[in-house]
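Hydrogens, waters and symmetry mates play no part in the numbers below; they use all other heavy atoms, side chains included.
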Amino acid sequence: MHMGSFKNLGAVSLALLMSFGIVFTAAAQDFTIDNYRADIVVNADSSFNVVETIAVHFSRAKHGIYREIPYKYVDELGKSIKTPIS
C-alpha cells in the first residue's frame, strides 16, 4: 500500500471518530438526533474537508447544539499536536 494511502486512511478514520463523538454525547441530552450525515473528501495533500448535516429534535426548548471538534492530541512519543481547523 502506498504511504499516501495510509495518510488518507488515517484522515478518514479521524474524521469518522470525530463524527461519532456527537452521536454518543447526545444520548445524555434533552434532544434526539433524527438524521446525521457526514460528507468527507480526502485531498491529495492528506487534508480533508468534512461537511456534517445534523437533524435534531429537542424534547424541550433549547437554542441549538454545540459541536465540539477535538483538535489537540498527544502522539506516541508524548508530544502535543494541534490539528489546524478552518
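With sequence neighbours excluded, the residues that form a side-chain contact (heavy atoms from CB on, under 4.5 Å) with Asn35 are Ala55. For the salt bridge (charged side-chain N to carboxylate O under 4.0 Å, His left out) test, no residue two or more places apart in sequence or in another chain qualifies with Asp75. By the side chain to side chain donor-acceptor pair (under 3.5 Å) test, Asp34 pairs with no residue at all, sequence neighbours left out. For Lys82, the side-chain contact (heavy atoms from CB on, under 4.5 Å) partners are Tyr71, Lys72, not counting sequence neighbours.
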Note to self: Run Lys62 and Asp30 through side chain to side chain contact (heavy atoms under 4.5 Å, CB included) and show every step you take.
What the structure shows: CA-CA 9 Å; Lys62 291 280 187 177; Asp30 295 322; 3.8 Å; yes

Check: What's the verdict on side chain to side chain contact (heavy atoms under 4.5 Å, CB included) for Ile65 and Phe58, showing C-alpha distance, side-chain angles and the deciding distance?
Finding: CA-CA 10 Å; Ile65 60 173; Phe58 294 95; 3.8 Å; yes

Next item on the list: Go through the steps for Asp39 and Val50 under the test side chain to side chain contact (heavy atoms under 4.5 Å, CB included), then give the verdict.
Entry: CA-CA 6 Å; Asp39 294 310; Val50 179; over 6 Å; no

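In this structure, the side chains of Ile81 and Val74 stay at 4.5 Å or more apart for every pair of heavy atoms.
For the pair Arg67 and Glu52, the salt-bridge criterion is met [side-chain N within less than 4.0 Å of a carboxylate O].
To the nearest 0.5 Å, the span separating OH on Tyr36 from OG1 on Thr53 amounts to 9.0 Å. To the nearest 0.5 Å, the span separating OH on Tyr73 from OG on Ser80 amounts to 11.5 Å. Note that the CD1 atom of Ile54 and the CD1 atom of Ile33 stand 6.0 Å from one another [nearest 0.5 Å].
Residues Val41 and Ile69 do not share a hydrophobic cluster, defined by chaining ILVMFWY side chains whose heavy atoms lie under 4.5 Å apart.
Nearest heavy-atom pair across Val42 and Phe48 is CA-CB, 4.0 Å.
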